[in-house]
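First the structure, in the form of structure tokens, and then the observations on it.
Note that these values count all heavy atoms, side chains included, but never hydrogens, waters or copies made by symmetry. Residue numbering restarts at 1 for every chain, and letters A, B, ... go by the order of the sequence lines.
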Amino acid sequence: MDKHSALLWMEDVSKSFPGVQALQNVSLHVGAGEILGLIGQNGAGKSTLMKILSGVYMPDSGEILLGGEPIQIHNPHHAQELGISIIYQELNLMPNLSVMENIFVGREPGPPLFVSRSKLERQTRAILDRMRMHLRPTALVRSLSVAEQQMVEIAKAISRDVRVLIMDEPTSALSETEVETLFDIIRQLRDSGVAVIFISHRLEEVLHICDRVTVLRDGANAGDVAVKATSREELIRMMVGRPLDQFFHRDSHLDESGNSADTVLEARGISRRGTALNPDAVVLDNVSLALKRGEILGLAGLVGAGRTELARVIFGADKRSSGEIWIEGRPAKIQSPVDAIKHGIGLVPEDRKGQGLILKLAVRVNMTLANLDKLSSLDFVQQGAERRVVDDYIQRFEIRTPSPEQRVVNLSGGNQQKVVISKWLMLNPKILIMDEPTRGIDVGAKSEIYELMHELASQGISIIMISSEFPELIAMCDRIICLAEGRVTGEVTREEATLETLMHYCTLREQVVASQEGSAIA
Amino acid sequence: MTTQSVTKSTARKGGTDWSAYASQFGALGVLIIICIIFAVIEPAFVSPINLFNVLRQVSIYGLLALGMTFVILTGGIDLSVGSLLALSGLVAAAVYKGGTGLLSAGTAGQAAGFGLWPAIGAAILVGILGGLLQGSVVSWLKVPPFIVTLGGLTAFRGLALLFSSGQPISTFTDEYKFWGQGMIGPVPVPVIIFLSFAVLAFIILRYTRYGRHVYAVGGNPEAARLSGLKVNNVVLSVYVITGFFAGLSGFLLSSRLNSAEQVAGVGYELTVIAGVVIGGTSLFGGEGGIFGTVIGILLIGVLSNGLTLMNVSPYIQQILVGLIIVFAVFLDQLIKRRR
């Protein structure tokens, strides 16, 4: 395939955001009647690339050709006019309108200012029949299953004469049979000459449905292979790629602290069902883990694996459908963050600004928020004592702030994170759950946070660390548990942990058990 | 003691963050400018008698605004205060006189009921119960506060009409009227009550753990919950606080007017909210405070008093007050954007 025979040709596309080079000279091409798989780790640049194609971002440099013609995609509407449609993981439908109204929204047939319902229904039926989708044009979208809603999105793209259809993780919310139906539709699209870009973490599916695979890593091309000529192992190698020796290993925390087999926290058979989108979705399925004193336990997984959800359930922030939490050998009734805090658990949340901090308030207020009980007498906050403890933490962790009265919003990401960590350390926690503790933090502050975590572990605090960056987990953790689609798919010790093993477990997909499939359809 | 003052002074060296009060001082600036203008144009404005008069006029609004500040700090709103005030006033009057409406007209001027303190207690109890009810629906049933208290606005007014059969309860004895009309030295009693509660509310919000929780819940309820705060209880409590102030104000207004009316307090909620917002408290929650609220309410009082002294028509007064509300909040936004 060359520049002029490919339907879509992207060459040397680069895009940077303040502080991040998201894409560097990335090339990608797909032909008419071809299904291209696009894979990569979290943060590899897939989303940025797709947002460029759908007109959300403008590339800094690079060339895009559609049907041999150079194009510039100005905005999402323009992308659709060009015949490029994207179906996001979060579907973009209007739940209170019917299938046909959703498909033709903004382009309703009929005389000016009016809609001809009969024409609308006829045109909708024509598309649905052609794609062999069994949907009623007049059905309300909110009454449809996720799989059916996805069909509506596809039909909407077809009604716009789609030439390039991008699907972002389309199978993540579908059951096994629904996936097969979707694949039939995708194959039909291919046979009618549409170029399909299929983004997925599920390597089996990529190998099953795609003709060719493009791999991204750290915002650059990491491989482009025909499916027939590759294997799951090779794809994993291309995704993880980088050598590990750049990371700094240290001895196990367990050996250092000397308390070896003391189990501090145990989660037994934790399950959780239901998301905002899909009340039947399995979020966590029978997850168990044990955390030892002074250990840093990693939770690895790709987007949607259930890492954050597990952390929130253990902390009592979300309800669990079943399962037990044991603290120091005794069952703990953790139903809310208040309970978790009583049992000595702290949570450094993934969304620091949305959940970890009260941005409008002062550093001092944020730091002592969880610890006011100890700092108050007769409900009056002891100003002097509060100042002392806040000043102490600011000095100890070298938090760079002009004053304790500074609003937290004005601090850098790393210093904000230190404020969140300080908040929990004031409570002398036994267990600290740290969800993406270094996300959005510059390199210098990152290593400070790593140092701090090692120090805490050596003091006997047990840490559960969640990270999307495998190298970080491998360097930090004594043990890593891999999750995929809400299940534990593997556990590796620090000696066994490599990028390949982690990626292997994190992309493992157990066959969906028949009983779950039944409930997902119902 | 010594060590404490030492830490305080070193901390001050680090710099007290005045910007945290900037929005509240914005309103203070506008108030001072307006006072100077009035004083120049109409010297009678600055006479002590007139200034106390202004304070007396704003004291009922002011008390309601203290409660409203708590609610707005949590990101909520309470539209029902005017109606709850009317209901509480009628209950106070009825308890005091031992009956409602025409039934008790014959005993005018005599305390044939249950006495003064039960009357005050009943008014406050009604207010607290009203707040408890609304607060429960907001915090536990998760109905938006705007809707819940809009319902309360209508329902409490209806209850007031039902309770009084549409008749006011008027003419009280001196001990009852003292609370709304009396003076201690040169200072009107309602002003003393308002300022005392303002100081109390200021201390609670500024220096207590509970006050901290109010700001935290308004600033980011999810972060507050994940820090182990009982967010629902905090939300519930602020509606109880507005209820308390509505109850107290209901009694005071009936005392001042020598009559508990079922139409008392109509539209007060808007004036009160305007005062709180002018004072720099953010409708999104988490920012602002009592100091600003007192200034905001004074601003509204000073404007209407000064303009009346200058013989400006009440119609034009309304227009000016409306413009000042928008201007003060615009100024506040401007200061915040600068930061």
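B:E287 contributes atom CD, which lies 12.0 Å from atom CD1 of A:I358 (distance to the nearest 0.5 angstrom). Atoms CG and OG1, on A:L378 and B:T208 in that order, are 11.5 Å from each other to the nearest 0.5 Å.
Heavy atoms only, all atoms of each residue included: A:Q383 and B:R206 are closest at NE2-O, 4.3 Å. Contact detail for A:K423 and B:S227: the closest heavy-atom pair is NZ-OG, 2.8 Å.
The neighbour count for A:K333 NZ, taken as heavy atoms of other residues, nucleotides or ligands under 6.0 Å away, does not exceed 12. By the 6.0 Å contact criterion, NZ on B:K230 is open, its count of non-hydrogen atoms from other residues, nucleotides or ligands being 12 or less.
Put simply, the side chain of B:Y207 does not reach to within 4.5 Å of the side chain of A:V381, judged on heavy atoms.
Residues of residues 135-143 of chain B lying within less than 4.5 angstrom of chain A, judged on heavy atoms, are absent.
For the options A:L427, A:L375, A:D373, heavy-atom pairs under 4.5 Å to chain B are most numerous at A:D373. Taking chain B as the reference chain and counting heavy-atom pairs below 4.5 Å, the highest number among A:L347, A:N366, A:V365 is found for A:V365. In terms of heavy-atom pairs under 4.5 angstrom with chain A, the leader among B:G219, B:G228, B:A223, B:G211 is B:A223.
A donor-acceptor contact shorter than 3.5 Å links the side chain of B:N220 to the backbone of A:L357. For B:R209 (side chain) and A:F380 (main-chain N/O), no donor-acceptor pair under 3.5 Å exists by modelled atom type. In this structure a side-chain-to-backbone donor-acceptor pair under 3.5 Å is present from A:K360 to B:G285.
We find that A:R352 and B:E222 are not joined by a salt bridge, their nearest charged nitrogen and carboxylate oxygen being 4.0 Å or further apart.
Neither the backbone nor the side chain of A:S336 comes within contact range of chain B; no heavy atoms are under 4.5 Å apart. The part of A:I341 that comes within reach of chain B is its side chain, from C-beta onward, which places non-hydrogen atoms under 4.5 angstrom from that chain.
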